[in-house]
Amino acid sequence: SPSGDRRPLRSTVFPSVMAWRGLVEDAQPQAPPSTDLTRWSLEVNEGRQVWRYTDESEDAGAMQNPVASRYHVGLPINHVPPHAKPASVAESLRNGISFFSAVQTADGHWAGDYGGPMFLLPGFAIVCYITKTPIAEPVRLEIIRYLWNMQTPEGGWGIHIESQPTVFGTSLNYVVQRILGVPRDDPRLQRAREWLRPRGGCLGIPSWGKFWLATLGVYSWDGVHSLFPEMVLLPEWFPLHTRRLWSYCRTVYMPMTYIYGLKFTGPITDLVLSLRDELIFEPFSKVNWSKARSFVAPEDLYTPHTAALELFFTAVNVYERLAVPWVRGKAMEWIYRVLQSEDEFTNYIDIGPVNKVINMLCVWIHDGPASSAFARHVSRLPDYLWMGRDGLKMNGTNGSQLWDTAFMVQALIETPFRAEFADVFRKAHDFVDLTQIRVDHPDHDKYYRDRTKGGWPFSTRDMGWIVADCTGEGLKAALICKRHNYTETPLSDERLFDAVDILLMMQNTTGGYATCEKTRGWHFFELFNASEVFGEIMIDYDYVECTSSALQALCLFREMYPAHRAGEVAAAIDKATSFMRGIQRADGSWEGLWGVGFTYGTWFGVEGLLDAGADKMDPAITKACDFLVSKQLPDGGWGETFESCVKRTYVQHTRSQVVNTAWALLVLLKADFADRAIIDRGIALLRARQRADGNWEQESISGVFNKNCMISYSNFKNIFPIWALARYTEKYGH
């Protein structure tokens with residue numbers, strides 16, 4: 001049977017997509033493949049992932065990653081035969097590692113599906129349409145298939161693949177399909193229009209959707225609140241200066257303000273005119289655009305406008321009518337230069353897919369379609385496109401390569417089969433080695449960036465942005481391989497010291513760690529959060545995940561290099577430990593902000609405190625264990641739904657999830673939890689869910705960002721069960 005990804009049904013997943021997420025063994029997607037799946041080839045180079053549709057004449061055996069390619073598109077993998085039923089935990093562990101090793105890519109990382117958000121493909125399609133950038137036929141067909149597979153029974157699309165339909169997801173993905181050639185009378189699109197009609201059509205779309213539809217010409221810029229490009233000209237001491245925004249927020253809103261400042265709209269083609277008629281259920285010329293600016297459908301609204309934001313909009317909307325051309329021009333010139341620096345720093349990948357395609361459009365407008373900068377942008381579009389079992393989607397970044405690989409190194413070191421899988425170690429270490437960022441970008445401070453030399457990114461070196469927790473996990477992986485001699489080319493002391501320098505630099509005064517930069521603003525910035533669909537996006541906050549990863553890395557580094565910056569390292573560890581204790585909830589849990597949900601956060605919390613020297617009977621540890629035990633389900637496993645992240649309180653899943661179960665077991669095992677029977681039941685669940693080939697099924701979505709949008713980590717279903725089985729085997733024997 002195929003070993004490709006499946007997403008089993010959860011209580012809030014829609015029956016219409018049960019076939020491809022289904023609990024039915026070997027169920028096929030609702031929409032069958034639109035292309036010959038055997039011709040899709042995953043090609044990698046230093047972490048870069050590009051899916052290529054090969055010529056019929058090409059030998060499939062010559063593919064760079066034939067096993068991984070077949071696995072990710074859902075084809076049977078003959079290279080990984082089924083095993084006899086494992087007689088021990090150790091055999092289950094070996095089977096799991098054997099399977100996952102088989103899909104390791106040629107350059108040493110593990111590729112994976114990092115999709116989930118349903119607002120990424122629309123930007124890609126709209127910008128390609130405006131700039132007349134060709135979309136290859138196999139890509140076009142598989143995007144359509146993906147969207148058909150994601151349509152809900154009501155006829156719409158959500159903000160992410162497991163959400164209820166929203167005007168945001170439905171309007172934009174309707175547009176994608178029309179751009180890609182699906183006719184307006186297609187039954188699927190008719191159902192989408194029927195769902196939109198009672199909700200005011202696309203007029204109730206949130207601000208990011210208003211931006212995209214106005215850029216395309218389906219919506220009017222008169223219905224968009226001013227993005228106030230001149231904000232970048234304010235003095236840097238001004239509290240709300242652009243520099244102080246969270247990096248992901250800043251890099252999206254700056255190119256948005258450039259497009260808004262021009263009031264740029266693409267060609268008003270017959271398709272655009274038709275889309276106005278299809279998505280706005282009143283004449284375009286009769287729409288009250290001023291009223292539409294703040295109209296957001298109830299299904300979409302997560303962060304309502306505050307009085308402060310409405311006051312701000314009132315002021316800048318008035319200013320927009322009086323804007324001085326030379327001042328606007330000066331602001332636009334600086335914004336474009338910052339966008340150029342982002343493109344150059346990231347090799348035209350950019351920090352994420354949203355600003356990637358907006359930057360690409362800005363370059364097309366400013367430099368022209370024949371420019372080298374635009375050509376470089378086009379060449380990097382494939383970095384974001386992921387071909388999966390359900391069709392072709394856009395990843396949330398250009399992948400999670402370093403993140404997943406660093407975790408897998410740590411899982412492997414706890415197995416009793418280290419020698420058996422030494423080559424897997426070597427390849428993974430080589431990837432960690434090449435992914436470390438070795439330079440500071442020129443003029444980084446001028447363009448609102450921090451130092452990067454010594455840090456690790458979430459995905460690839462080319463992407464250029466370091467992250468605190470990725471630096472922590474990358475440093476741990478490098479130190480582990482060096483300590484245990486699993487590489488002939490360990491990182492030099494100097495490079496390890498560079499990583500520690502970065503971690504010391506990135507710590508906030510709170511003792512905590514944010515993501516890409518130190519926190520630069522204040523929580524009151526959220527009064528001006530205009531996204532409407534995301535929570536806490538305005539500044540870079542301290543996170544348990546980032547703090548714990550950095551803390552663990554500094555503790556391991558101190559063991560191996562006790563003399564290097566000893567006082568500063570000790571102080572950073574103490575401050576991080578204090579911060580971690582301070583954010584633990586009264587029930588013993590930590591809230592995970594990048595994974596689902598409290599199980600994830602509690603795993604990070606306990607790992608960090610124990611590595612920093614906390615006693616296993618410390619109240620913080622025992623309370624965390626008690627919290628997790630209280631959530632164990634009757635089948636022995638643990639499971640949370642994504643609603644834990646949305647509601648910020650634990651929401652029990654109707655069915656145990658192998659990823660949540662593994663996180664809980666890692667905590668209990670590390671803390672030497674006394675009741676082994678509880679642990680044994682969890683281990684039994686992991687073993688029962690394991691397939692005969694050593695793989696685990698893809699279950700419910702396990703990642704999150706900004707509270708309200710979920711994202712896939714398809715490798716978590718392998719990494720964390722392997723890690724939990726390894727830790728159990730090390731503790732209790734084979």
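For the 3.5 Å distance criterion, the side chains of Thr133 and Thr131 qualify, holding a donor opposite an acceptor. In this model, a donor atom of one side chain and an acceptor atom of the other lie less than 3.5 Å apart for His225 and Asn317. No side-chain donor-acceptor contact under 3.5 Å links Thr346 and Glu342. In summary, the side chains of Gln190 and Arg193 do not present any donor paired with an acceptor at a separation below 3.5 Å, with no hydrogens or angles considered.
Using modelled atom types, no side-chain atom of Lys291 and backbone atom of Gly223 make a donor-acceptor pair closer than 3.5 Å. Judged purely by atom type and a 3.5 angstrom limit, Thr460 has no side-chain atom pairing as donor or acceptor with the backbone of Arg48. With hydrogens and angles ignored, the 3.5 Å screen pairs a side-chain donor or acceptor of Ser69 with a backbone N or O of Leu42. Using a distance-only test at 3.5 Å, with no hydrogens or angles considered, a donor-acceptor pair links the side chain of Lys210 to the main chain of Ala292. No donor-acceptor pair under 3.5 Å is formed between the side chain of Tyr146 and the backbone N or O of Met387. A donor-acceptor pair under 3.5 Å is absent between the side-chain atoms of Glu532 and the main chain of Pro206, judged by distance alone. With Thr215 contributing its side chain and Phe264 its backbone, the two residues share no donor-acceptor pair below 3.5 Å. Put simply, the side chain of Thr397 gets close to the backbone of Gly399: a donor and an acceptor are under 3.5 Å apart. With hydrogens and angles disregarded, no donor-acceptor distance shorter than 3.5 Å links the side chain of Thr152 to the backbone of Trp157. With Asn173 contributing its side chain and Met118 its backbone, the two residues share a donor-acceptor pair below 3.5 Å.
Under a cut-off of 6.0 angstrom, the local environment of CD in Glu333 is sparse, with at most 12 non-hydrogen atoms contributed by other residues, nucleotides or ligands.
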Exercise for review: Could you give me the CA-CA distance, side-chain angles and deciding distance for Tyr129 and Thr269, then say whether side chain to side chain donor-acceptor pair (under 3.5 Å) is met?
Suggested key: CA-CA 11 Å; Tyr129 181 77; Thr269 62; 2.6 Å; yes
Check your understanding: Does the pair Arg380 and Asp462 meet the rule for a salt bridge (charged side-chain N to carboxylate O under 4.0 Å, His left out), with working shown?
Key -> CA-CA 11 Å; Arg380 284 297 195 171; Asp462 275 0; 2.7 Å; yes
Exercise for review: Evaluate side chain to side chain donor-acceptor pair (under 3.5 Å) for Ser400 paired with Asn715, printing each intermediate quantity in order.
Suggested key: CA-CA 9 Å; Ser400 56; Asn715 290 326; 5.1 Å; no
Review point. Is there a side chain to side chain contact (heavy atoms under 4.5 Å, CB included) between Met254 and Tyr448 once you walk through the steps?
Key: CA-CA 12 Å; Met254 289 194 76; Tyr448 313 148; 4.1 Å; yes
Check your understanding: Does the side chain to side chain donor-acceptor pair (under 3.5 Å) test come out yes or no for Ser171 and Trp212, once each step is laid out?
Key -> CA-CA 10 Å; Ser171 299; Trp212 278 122; over 6 Å; no
Practice item. Begin with the C-alpha distance, continue with both residues' side-chain angles, and end with the deciding distance and a verdict on side chain to side chain contact (heavy atoms under 4.5 Å, CB included) for Leu271 and Ile179. Key: CA-CA 8 Å; Leu271 174 61; Ile179 286 174; 4.1 Å; yes
Exercise for review: Check step by step if side chain to side chain donor-acceptor pair (under 3.5 Å) holds for Asp343 and Asn359.
Suggested key: CA-CA 8 Å; Asp343 290 344; Asn359 280 19; 3.0 Å; yes
Exercise for review: Kindly determine whether Arg145 and Glu142 satisfy salt bridge (charged side-chain N to carboxylate O under 4.0 Å, His left out), including the steps that lead there.
Suggested key: CA-CA 5 Å; Arg145 176 167 77 101; Glu142 289 293 347; 2.6 Å; yes
Point to revise | Derivation of the side chain to side chain contact (heavy atoms under 4.5 Å, CB included) call for Arg178 and Val175 | key: CA-CA 5 Å; Arg178 294 289 280 120; Val175 167; 5.8 Å; no
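Counting all heavy atoms, side chain and backbone alike, Ile711 lies closest to Val704 at CG2-N, 3.9 Å. Nearest heavy-atom pair, Val50 versus Pro382, reported as atom, atom and distance to 0.1 Å: CG1-CB, 3.9 Å. Nearest heavy-atom pair across Met710 and Cys645 is CE-CB, 4.2 Å. The heavy-atom pair separating Thr54 from Ser41 by the smallest distance is CG2-CB, 3.8 Å. Across Asn395 and Gly115, no two heavy atoms sit closer than the pair OD1-N, 3.2 Å. Listed here is the closest heavy atom pair of Met394 and Pro353: CE-CB, 4.0 Å.
Two residues are said to be in side-chain contact when any heavy atoms from C-beta on lie closer than 4.5 Å; Ile144 and Ser34 fail this criterion. The closest side-chain heavy-atom distance from Glu536 to Glu526 is below 4.5 Å. A 4.5 Å side-chain heavy-atom check between Trp51 and Trp386 finds at least one atom pair inside the cut-off. Leu196 has its side chain within reach of Val167: a pair of non-hydrogen atoms, C-beta onward, lies under 4.5 Å apart. Considering only heavy atoms from C-beta on, Leu275 comes within 4.5 Å of Glu278 through its side chain. A 4.5 Å side-chain heavy-atom check between Phe374 and Ile365 finds every atom pair outside the cut-off. Side-chain contact between Ile159 and Phe534: present, with at least one pair of heavy atoms (C-beta onward) separated by less than 4.5 Å. Side chains of Asn706 and Tyr248 form no contact here, defined as non-hydrogen atoms less than 4.5 Å apart.
Using a cutoff of 4.0 Å between basic side-chain nitrogens and carboxylate oxygens, Glu699 and Lys717 are not scored as salt-bridged. Ion pairing between Arg184 and Asp277 holds under the 4.0 Å rule for side-chain N and carboxylate O. A salt bridge links Glu320 with Arg328; the closest basic N to acidic carboxylate O contact falls under 4.0 Å. At a threshold of 4.0 Å, the pair Arg250-Glu517 counts as salt-bridged, since one of the basic side-chain nitrogens sits closer than that to a carboxylate oxygen. Salt bridge Asp113/Lys393: present, at least one basic N to carboxylate O contact under 4.0 Å. Ionic pairing of Asp383 and Lys356 is not present here: no N-O contact between side-chain nitrogen and carboxylate oxygen is shorter than 4.0 angstrom. Arg140 has a carboxylate O that lies under 4.0 Å from a charged side-chain N of Glu137, or vice versa, which qualifies the two as a salt bridge.
Partner of Tyr253 under the side chain to side chain contact (heavy atoms under 4.5 Å, CB included) criterion, out of Phe211, Trp208, Tyr260: Trp208 alone.
With ring centers used as reference points, His377 lies 6.0 Å or more from Trp364. Centroid-to-centroid, the aromatic rings of Phe705 and Trp594 stay 6.0 Å apart or farther. The aromatic ring centroids of Tyr219 and Trp289 lie less than 6.0 Å from each other. Residues Trp334 and Tyr447 bring their aromatic ring centres within 6.0 Å.
Taking the six-membered ring where tryptophan is involved, the planes of Tyr336 and His366 are essentially parallel, since the angle between them stays under 30° and well short of 60°.
Seen from the ring of Phe284, Lys286 does not count as a face-on cation partner, given the 6.0 Å and 45° thresholds.
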